[in-house]
Structure formats: C-alpha cells, structure tokens
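In what follows, a single structure is set out as structure tokens and then discussed.
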Protein chains: 2
Amino acid sequence: MSNTNTPPGPRERDTSHITGHEVLAGVVQVRQGSLKALLWQRARPPHPNRWALPGGRLGPDETVESSIRRQLAEKVDVRELTHVEQLAVFSSPGRVPDKRIVATAFLGLIPCDTDPELPDDTAWHPVEALPETAFDHEEILLAGRERLRSKLSYTNIGFALAPPKFTVSELRDLYSAALGYRVSATNLQRVLSRRGALEATGETVAAGPSGGRPPALFRFTSRDLQITDRFAVLRPPA
Amino acid sequence: MSNTNTPPGPRERDTSHITGHEVLAGVVQVRQGSLKALLWQRARPPHPNRWALPGGRLGPDETVESSIRRQLAEKVDVRELTHVEQLAVFSSPGRVPDKRIVATAFLGLIPCDTDPELPDDTAWHPVEALPETAFDHEEILLAGRERLRSKLSYTNIGFALAPPKFTVSELRDLYSAALGYRVSATNLQRVLSRRGALEATGETVAAGPSGGRPPALFRFTSRDLQITDRFAVLRPPA
DNA sequence: GCAAAAGTGTTGGTATTACACCCATGA
DNA sequence: TCATGGGTGTAATACCAACACTTTTGC
C-alpha cells in the first residue's frame, strides 16, 4: 500500500502505515426551508469533483475541538458557529484510498440569520439530496443530522439554529426543516416554555402583508447547550 | 518534546510530532451491588503504579471498533462483552507525557453472571471510588458511566448488564447499582414491559431461604441495542 | 399462622398532542 | 368586515411514580 499522491522523498521512509488523523465537520444551517450542509468541491484526486466536508489534518498542539474550529475559520467565521460537538470516529482502513487516515467527525451549527461568505469551491447543499460526496462524508453528514434531530427533542439545541430573537412561527419552521416533518407552533412554544428554554422578549413585530396578529418575539433563555429533559423514565427520587 | 521511553535509533527521525492513535475502553460490570470498572496497574513509567484502562495502539488494518475488541480479548473474552460503543475522542496534546497520542474511548459492558479470568495486574474497582488512575482515564470512565446511565433510561441497554434470564428483583439491583439510586422493581417491570423490551419466560425459580413468593424469570426481547423511547417530545405525526 | 418477597391494582399527577376558540392586524 | 396568521384554553390520552393490596412461599 504505497502513497501515490505524495511519494516519499529520498531520505523519507514509507510512512503509509502510520495513522494520520483528520478532523471533519458536518456544518448545517436551515436555509430556504430545508437543512443545508456546507460542502466544498474537490479539484484534485482522490475523488475529483466530488463534494467533501470541511476539515483537515490535526495539528501537533491542538485538540480535535480546537483543530476543527481553526479549520472551519477558513470557511466560515467562528463567531457564526453557535454549536460544535463531536459526533464519532470514522476509521475504516479503506475510507481514504492509499492512505491511513482516521477522522474525528463533528457536527457544527450555524444560525439561519447569518450568511457566511464562502470560497468559490464551497456551497450549501440540501442534506436530503446530497450531490456525489467524497469518501465517507455522506455517512458522517447523516450521522450529524440524526444527532441534531435527537437533541432537538431533549435539549435546547434549537438556539444554535435560531437568531437571537424570533417569532414562534419562525422557530417552528426551523424545527420543521431540521426534523423533516411539520411541527406545531402551538405545542413547540409550550414544550420549550414549560422547560424554561424559551422566554418572551416583550417585543412584537409588524404583521405580514396579508395581515394577521403581530407576532411576539422570543429568545432562548440560554445559548449554551443544556439538557432539558433528563431522565425520561427511571428518574431519581425527589 | 522528545520521547524519553523509546529514544530514536540512528536511522530514525524524531516522530514525536506525529499523532499516534490508541483505543481505550471503560469496561464495567455490576459486581457485589455496585458498578465496577476493569483496570490494570501500570508497572513502568509514565505513571507507574497507577491504574489504567485496557487498550492499546490502533493497528494499520483495523477500525477503532475492531481494535478495541481485539485488545480487550487479551483481558476478557470477547464473547463476554455484550455491548461496546464509542464514547468520544480525547486529544489534549498533554494527555500522555512526551508523546502525542489521540485516544478513541469506548464503553464496554459485561453481564453480571460472568466472571472473567483476569491477568495478575488487572482488577475490578468501584467506579464511585476509583484508585489513582493514569492519564485522563478517570475522565473517560466517568463519561462512560454517564452514557450508561442515560441509555438505561431510553434504550434496552440493560440486556448488556443482565444474564439471559433473571428475576425482576435481580434486574432492579442491576439498575440501582448502575444508576446510583434505588429503583422500584414494580415500575421497572412496567416501564420495560410497556416498551416491549421485557418478556416473561414462563419459568419461575424457588423462593429464597426466608420465604416469599417464587419469582418469575424474565428475559430481554432483544439483545441488540434498541432505542425504546425515541422522541420524548416533538414526535412526528402518526 | 406469620413474616417475607413477588407481583397486580389503583390513584394522583404530569406531559403531550390535537383541536377549538379568541385576538389583532392589513386590506 | 373579512381573511389571515398569532396565541390561549381545554379536552383526551398516555406515561409515570407511589402505594395499597393480593399472592405464594419458608418457617
């Protein structure tokens, strides 16, 4: 198994058996009513023209968390990333041809009110209709979507998809896009309010062009990830 | 940053900047009414005499999953491991002195009716009162306990701690030990039955020496991990 | 019979969904 | 005034914990 891309120089040994480590992130955002992922199109082999997740090699003096944040800063502003979390390690020996690279995969979230400047090779793609992806990046992205969908149910992770202030209707549209099915605004507001994750700002905005009652603006009480529904069952005694 | 343990030979370059990868597992079992972890005592530096998690270097042709199963087979029989799952990546540059080793951590579960033969340097220790541990292994173990506690609430993961057949009282003791608080046998049976995770075998066993009604034997309907409480809220429409 | 342990019935409380209904605005 | 979307009230259901009660054994 020789490395066909960067042949070893005269004084270098073949290090293809040495495990390299990369970090990758499935960065998603709700845009135009559906969940989109940030992908860049590869120019060079392997997998030319296919779409890949942002990421890169782990540096010697960084954790996987700091590494992925550093590398994403080249694609999107770090301040725009409202949440980053580890997903899993992907380590099939053949996941990258002719090399041995283990990947630590992350989920990254961007609120819907920001529209980062993207490099020319980079674009948003709907997660439910991905283009041809490189390596195992589709699997990583789908794992990220599953994680997001689960956490929408028992945490306040919605804050990471939402702007600082929003109407319940806007929040419902975000949840619907991420979950893939229609969510009731009525019940969404009640669930999040009962759990103390949501609060009214007291402000309202003007009604839309077709009329209707002017909606109130809400915010998440915390913009850090919190588990709001610990212990569905078998909870410890009070 | 030189490697003080295996100094580079004459023709070798200093590779201490190259990221090595290891796999580690927090292997736990309920023994004598409390959750115990499998640890081995280090003889050599770094951290001599401290207790460490089983694991080792990732091989060139294996995934992290197959690697940890291979390495655990040296400590405990793989057939005795009823469940193995990834926990997280631990990657602080200083987590192992003088080396750069990224670890993929796993949680491993062993049912309470097996008592593996252990090497001389290996022993079970209560997770709530660990001895002095090496590196970041205590953090890994506590993360594993948290994962187990969470999954006891919304999956059938109890199967991995229990023997093939058991009474509800025995199962209650397993859950109590793993969760760290008393669980009601009455409600435990009802929750797991309602979810279809538990079923009666039809058999009963003799009562204990102090009398009492002879308990019935139950089994888990599946011995693969299944999420039994998907979507606590915001569930998709029927 | 009595103590002990297992298992069932029942009740009160809470969480959640669905749906009816009221509210406030633009046209 | 009416259509429209926002928001509240409420009923039906399901789930859960706690506890009373019954069952079946050993002594």
Side-chain angles (χ1 to χ4, degrees), chain A residues 33 152-156 158 165-176 179 181-219 227-238, chain B residues 152-156 165-176 179 181-219 227-238:
Chain A
L152 283 172
S153 171
Y154 68 94
T155 74
N156 65 344
K165 301 175 181 181
F166 46 84
T167 69
V168 175
S169 286
E170 289 163 354
L171 191 64
R172 183 236 309 142
D173 292 340
L174 295 177
Y175 273 71
S176 297
L179 289 170
Y181 53 85
R182 299 302 288 172
V183 172
S184 149
T186 297
N187 296 329
L188 179 63
Q189 181 190 5
R190 272 206 263 249
V191 166
L192 294 178
S193 297
R194 173 157 16 93
R195 295 178 171 181
L198 204 64
E199 64 186 5
T201 64
E203 306 164 76
T204 59
V205 292
S210 60
R213 175 170 166 176
L217 285 178
F218 290 79
R219 71 168 82 90
I227 295 176
T228 55
D229 191 27
R230 205 97 195 249
F231 304 115
V233 290
L234 305 177
R235 30 183 178 271
Chain B
L152 283 171
S153 170
Y154 67 94
T155 74
N156 65 345
K165 300 175 182 179
F166 47 83
T167 69
V168 174
S169 287
E170 288 164 356
L171 191 65
R172 183 232 313 141
D173 292 340
L174 295 176
Y175 273 71
S176 297
L179 289 171
Y181 52 85
R182 300 301 291 172
V183 172
S184 149
T186 296
N187 295 329
L188 178 63
Q189 182 190 5
R190 271 204 264 248
V191 166
L192 294 178
S193 297
R194 182 179 33 238
R195 296 177 171 181
L198 204 64
E199 65 186 3
T201 64
E203 305 164 77
T204 58
V205 290
S210 60
R213 175 168 166 176
L217 286 178
F218 290 79
R219 71 167 82 90
I227 294 174
T228 54
D229 192 26
R230 205 92 196 252
F231 304 114
V233 290
L234 305 178
R235 27 183 179 273

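Chain A is the first sequence line, chain B the second, and so forth, proteins listed ahead of strands; every chain is numbered from 1. These numbers come from the heavy atoms of this one structure, side chains and all, not from hydrogens, waters or symmetry mates.
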Given atom [atom1] of [X] and atom [atom2] of [N], what is their separation to the nearest angstrom?
X       : N       : atom1 : atom2 : value
Y181(A) : dA18(C) : OH    : P     : 11 Å
E199(B) : dG7(C)  : CD    : P     : 15 Å
D173(B) : dA5(C)  : CG    : P     : 12 Å
R194(A) : dT8(D)  : CZ    : P     : 14 Å
Y175(A) : dT16(C) : OH    : C1'   : 16 Å
E170(A) : dG6(D)  : CD    : P     : 9 Å
L217(A) : dG6(D)  : CG    : P     : 12 Å
E203(B) : dA6(C)  : CD    : C1'   : 17 Å

(Q) Side-chain N or O of S210(B) versus OP1/OP2 of dG26(D): is the shortest distance under 4.0 Å? (A) no
Q.
Strictly below 4.0 Å: does Q189(B) bring a side-chain N or O up to OP1 or OP2 of dA6(C)?
A. no
Output a table of nitrogen or oxygen pairs between the protein and nucleotides 19-24 of chain D separated by less than 3.5 Å.
from	atom 1	to	atom 2	distance (Å)
dT24(D)	O2	R213(B)	N	3.1

Q) Partners of F166(A) by ring pair (Phe, Tyr, Trp, His ring centres under 6.0 Å), sequence neighbours excluded? A) F220(A)
Q. Contact class for A185(B) (heavy atom, under 4.0 Å): base, sugar-phosphate, or nothing?
A. nothing
Q) How would you list, by chain and number, every residue that makes a side-chain hydrogen bond (donor to acceptor under 3.5 Å, both in side chains) with T186(A), sequence neighbours excluded? A) none
Q: List in chain and number order the residues that pass side-chain hydrogen bond (donor to acceptor under 3.5 Å, both in side chains) with R190(A), two or more places apart in sequence or in another chain; answer none if no residue qualifies.
A: none
Q.
Rounding to 10°, can you tell me the angle the first-five-pair axis of the helix from dG1(C)-dC27(D) to dA27(C)-dT1(D) makes with its last-five-pair axis?
A. 20°
[options]: which one has an atom nearest the side-chain heavy atoms of [X]?
X       : options                  : answer
V191(B) : dG7(D), dT16(C), dA17(D) : dA17(D)
A216(B) : dG6(D), dC15(D), dG7(C)  : dG7(C)
A207(B) : dT25(D), dG6(D), dG7(C)  : dT25(D)

Q) Which residue, G208(B) or P215(A), contacts DNA chain D at a nucleotide closer to its 5' end, judged by nearest heavy atom? A) P215(A)
Q) How about L188(A) and Y175(A): do any of their side-chain heavy atoms sit closer than 4.5 Å? A) yes
Q: Determine whether Y154(B) and D229(A) make a side-chain contact, defined as any pair of heavy atoms from C-beta on separated by less than 4.5 Å.
A: no
Scan the side chains in residues 202-210 of chain A for donor-acceptor partners under 3.5 Å anywhere in the protein, sequence neighbours excluded, and list what turns up.
from	atom 1	to	atom 2	distance (Å)
E203(A)	OE1	K165(A)	NZ	3.4
E203(A)	OE2	K165(A)	NZ	2.6
E203(A)	OE2	T201(A)	OG1	3.4

Determine the minimum heavy-atom distance between [X] and [Y], stating which atoms define it.
X       : Y       : value
D173(B) : R182(B) : OD1-NH2, 4.1 Å
N156(B) : T228(B) : N-CG2, 4.1 Å
A185(B) : V168(B) : O-CG1, 3.5 Å

Q: Look up atom CG in L192(B) and atom CG in L152(B), then write down how far apart they are to the nearest 0.5 Å.
A: 9.5 Å
